[in-house]
Amino acid sequence: MNPRRVSKPIQIGKVTIGGEAPIVVQSMTKTDTRDVMSTITQIKELEDCGCQLVRVAVPDAESAEAIQAIKRGVSLPIVADIHFDYRLALMALEAGADGLRLNPGNISQPKKVSTIAQAAKERGIPIRIGVNAGSLPKTVSKLTTAEQMVEAALQQINLLESLDFDLIKVSLKAFDVPTTIEAYQNIAQKIPYPLHIGITESGTPRRGVIRSAVGIGTLLCQGIGDTIRVSLTAHPREEVFAAYEILKSLNLRQRGPILVSCPSCSRAEVDIITLAEEMEEKLSKVDKPIRVAVMGCVVNGPGEAKDADIGIACGKGSAVLFKKGKKIGIIQEKDFITALMAEVDKF
Ligand code: SF4
């Protein structure tokens, strides 16, 4: 792991992004923003699973105005996602948005950007320059997509800096993972601002989680990234879950349990796949950071089970139960789940 890149922190509502702040997990609602109650319900669900910052789409004036009522019902900071119409950004600011996302591919005219920057500066509201490979501005000239993305961001950054606006965060997202990595590596050396990282349109969870883990994980290992969003074609709680799993796998954040389970093989003396799935379901309702191991036999079982906070190494019809490396009993197969969960509850 490389040391984390030093970035200039910004504040979005109560959340700090960049500097030495922990890497922030964010997501985006998938409700109709004009449907205030549904949007509030979804934001609360996201907050319950650890989301720290939520973006809402603002495709029209009614959506921009709805931000005011949404903010009254939630405690997470709200970022307004703006495309095409700069007036929606002004309306979202008026409605109390804690942050803006602008796409330089569809709002780049200096006069419009300047009007937004002035209104944001008066309120101390940061702007994310959210470049997307699928909607690059016509003003970019470089050869590769990664270079074009960087150029698009730098053009907008230069414009904002010329307006004495520096509450900036940047993202450069593409579906192609190597392109995304190259773009972030490039811009990370050129600007001091915090980076929002992610792989855009990465698909349904089965593939999208992997594409995101490879892209986001690679960048995080290089010390690049101050906030992450996993974009999935799924309920946004899946995005938050995946984001934490990425951060947990690199020991960058802790949240909830870690389940260690062996893949199973012909040596397994119990149905370890079903057992691990049942444990995962049970542990999904647990908040505490605890490592639980479910191992199929005596080959790696005792070692992994001992390393975990709670673990079992299974034999035929029974298992050795370990707690903090010490053997604390033998349990029968029918009691595996209840015995493990009893220890988790006590932990
Ligand atoms: S722990 Fe045992 S059952 Fe599980 S994969 Fe390893 S050898 Fe197979």
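Remember, it's a predicted structure, so these values are computed and weren't measured experimentally. Whatever order the structure lists ligands and atoms in, that order sets their numbers, starting from 1.
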Please determine whether residues Ile337 and Val260 belong to a single hydrophobic cluster, defined as Ile, Leu, Val, Met, Phe, Trp and Tyr linked transitively by side-chain heavy-atom distances below 4.5 Å.
no
Hydrophobic clustering (ILVMFWY, side-chain heavy atoms < 4.5 Å, transitive) - are Met295 and Val292 grouped together?
no
Taking the six-membered ring of Phe175 as reference, does the NZ or CZ atom of Arg211 fall below 6.0 Å from its centre and within a 45° cone about the axis?
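Because its charged atom sits under 6.0 Å from the ring centre and within 45° of the axis, Arg211 does stack over Phe175.
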Counting no waters, how many protein N/O/S atoms sit under 2.8 Å from atom 8 (Fe) of ligand 1?
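Total protein N/O/S atoms under 2.8 Å from atom 8 (Fe) of ligand 1: 1.
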Dump the intermediate steps for side-chain hydrogen bond (donor to acceptor under 3.5 Å, both in side chains) on Glu201 and Ser231, then the final yes or no.
CA-CA 6 Å; Glu201 291 121 24; Ser231 304; over 6 Å; no
Intermediate values then yes/no, side-chain hydrogen bond (donor to acceptor under 3.5 Å, both in side chains), Ser135 and Asn132:
CA-CA 6 Å; Ser135 53; Asn132 194 303; 4.8 Å; no
Can you list the residues that meet the salt bridge (Lys or Arg N to Asp or Glu O under 4.0 Å) rule with Arg207, with sequence neighbours excluded?
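None.
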